[in-house]
Amino acid sequence: MAKKKGEIMAHECDLLVIGAGPGGYVAALRAGKLGLKTILVEKENNLGGTCLNVGCIPSKTLLYYSEQLFEDKNHRSKHGLEFQDLSLNFSTLMQTKLGVVKGLNMGIGGLLKRNKVQHFVGTASFKSPTEVILQSENETQSIHAKHVIIATGSTPISLPSLPIDEKKIISSSGALSLESVPKNLVIIGAGVIGLELGSVYNRLGSQVTFVEALDHIGGNLQPEISSALHKTLTKQGLKFLLSHKFVSQERKGDSFQLTLNDSKGEVVQIDSDVILVSIGRKPYTEGLNLESAGIQSDEKGRVQINPSFQTSQSHIYAIGDVVEGPMLAHKASEEGVAVVEKIAGSQPKVNYLTIPNVMYTQPEVASVGFTAEEAKAHGLNPKIGKFPFMANSRAHCVDAKEGLVQIIVDEASDIIIGMHIMSEHAGEMIAIGSLAIEKKVTAKELGALCFPHPTFSEAIKEAALDVHKETIHF
């Protein structure tokens, strides 16, 4: 029967997922595979959320190709690899990034169809705890679902004195869509996102300066790794103003003059063509009308949930960046799968101690589990084993000798409770740490494992051996 003019189309389903980022679309796919009648709603035309469209995927594409350019220009000639007339076509590079994003977008769409997940484009808003209104460009629809997952993600935090226009004063999203490489780029904040994007533009030719209020870079890294990374990135040409606070900016033609305060409160002024604000992200719930559903948020705007991811309405769940915890794509995906399996009758758990974090600088930095300070805060007595890549044979083969592995154990039990790596391929190796923590592996057991030679991963074995001062190659 044809819909009458002005009539609202009504839908019913087992599960409604709001938000098609790595939490939402993964939850929807798992639900489809389990036979649940599932609707996935996304306000943007593209699937994949921030991670795929303006985050993880485009940034890693730019990081990879900019790294190749940097190595070709600066390092490979000393090993006999010489290139003539090497240049950058920035427009083509950005088109490559868009091609990667488009291909993965299409892949998610195909997976949704294959698993019989209905996908609607529009803005979702709760009318009541049991009804969600979907407003698209051309129509209004009503959805009644037995279960709802809120997976609306996060958005960059801005500063009132630095109004973002995504051209000269930009967020991380704008940094991935610049039309040219700025001569001077100032980044407010030296956390993971800022360091990655700063690395990209440094390699492409920008003079990059970080303004960081803390006395170290990288956020909550092990101090030795943070210090080692600072030294390495400085050698690459990045400049850091640590213990400096942004005060104000003044527009001067096509550039800016920024006023800062250093650790002594003295005024420091620097110039920049483009300013990237990278001071973190905040939950995004705009337009959801949570009040009408009786759903509560905390003072930071995060949706409040119980250990089973349920909001104050037991049939409505929330996952990913919109709830408390690290804002990581893979964390959101794990939570999405856990919620769907709970709805299907299982009792899954997410072990947050085993969720790794990776910074895709060069070298990469990856960590999982506790830092030493966190271990102490949990009443444990941490013991650290470490091994430098300066003593790793594979690192010598490829001239990647900077960095180290640190393994943290609980001294009383010898069980591994943390692993921290600064190295090429650190992001690929850190899952060894996740598995060790999940299975309560001891340093003795990991040190007895045979690793292939020559590999970067051998440094993990040596760090485990170092817990008991039994290293072979150092």
Could you tell me whether the side chain of [Y] reaches within less than 4.5 Å of the side chain of [X], counting heavy atoms only?
{"X": "Glu335", "Y": "Val339", "result": "no"}
{"X": "Ser66", "Y": "Leu204", "result": "yes"}
{"X": "Val398", "Y": "His425", "result": "no"}
{"X": "Tyr25", "Y": "Glu42", "result": "no"}
{"X": "Leu93", "Y": "Leu69", "result": "no"}
{"X": "Thr371", "Y": "Asn220", "result": "yes"}
{"X": "Ser172", "Y": "Val54", "result": "no"}
{"X": "Leu465", "Y": "Phe387", "result": "no"}

Picking from [options], what satisfies side-chain contact (heavy atoms from CB on, under 4.5 Å) with [X]?
{"X": "Glu291", "options": "Asn289, Ile295, Leu288", "result": "Asn289"}
{"X": "Ile217", "options": "Val192, Leu195, Leu238", "result": "Leu195"}
{"X": "Leu62", "options": "Glu196, Arg203, Met94, Glu67", "result": "Met94"}

Quick one: pull up [atom1] in [X] and [atom2] in [Y] and give me the separation to the nearest 0.5 Å.
{"X": "Met390", "Y": "Phe474", "atom1": "CE", "atom2": "CZ", "answer": "9.5 Å"}
{"X": "Ser125", "Y": "Leu290", "atom1": "OG", "atom2": "CG", "answer": "9.0 Å"}
{"X": "Asp273", "Y": "Asn184", "atom1": "CG", "atom2": "CG", "answer": "5.0 Å"}

(request) Specify the closest pair of heavy atoms between Gly24 and Ile319, including all atoms of both residues, with the distance to one decimal. (result) N-CD1, 4.4 Å
(message) Just to verify, what does His468 make a ring-ring contact (aromatic ring centres under 6.0 Å, His included) with, not counting sequence neighbours?
(response) none
(request) Apply ring-ring contact (aromatic ring centres under 6.0 Å, His included) to His330 and list each qualifying residue two or more places apart in sequence or on a separate chain. (result) none
(request) Compute the ring centroids of His75 and Phe70, then answer whether they are less than 6.0 Å apart. (result) yes
Going by atom types alone, do [X] and [Y] pair a side-chain donor with an acceptor below 3.5 Å?
{"X": "Gln222", "Y": "Glu373", "result": "no"}
{"X": "Gln406", "Y": "Glu224", "result": "yes"}
{"X": "Gln296", "Y": "Thr311", "result": "no"}
{"X": "Glu438", "Y": "Asn351", "result": "yes"}

Residues, nucleotides or ligands: over 12 heavy atoms within 6.0 Å of [X] [atom1]:
{"X": "Lys282", "atom1": "NZ", "answer": "no"}
{"X": "Glu137", "atom1": "CD", "answer": "no"}
{"X": "Lys386", "atom1": "NZ", "answer": "no"}
{"X": "Glu374", "atom1": "CD", "answer": "yes"}
{"X": "Arg394", "atom1": "CZ", "answer": "no"}

(request) Hey, can you tell me if Phe456 and Phe389 have their rings parallel, tilted or perpendicular (30° and 60° cut-offs)? (result) tilted
(request) Please lay out, stage by stage, how Thr209 and Leu241 fare under the test side-chain contact (heavy atoms from CB on, under 4.5 Å). (result) CA-CA 7 Å; Thr209 302; Leu241 298 177; 4.0 Å; yes
(message) Looking at Lys78 and Asp399, is any side-chain nitrogen of the basic one under 4.0 Å from a carboxylate oxygen of the acidic one?
(response) yes
(message) Between Ser227 and Pro223 (side chain of the first, backbone of the second, donor and acceptor by atom type, cut-off under 3.5 Å), is there such a pair?
(response) no
(message) I'd like to check the salt bridge (charged side-chain N to carboxylate O under 4.0 Å, His left out) partners of Lys73; sequence neighbours left out, ordered by chain and number.
(response) none
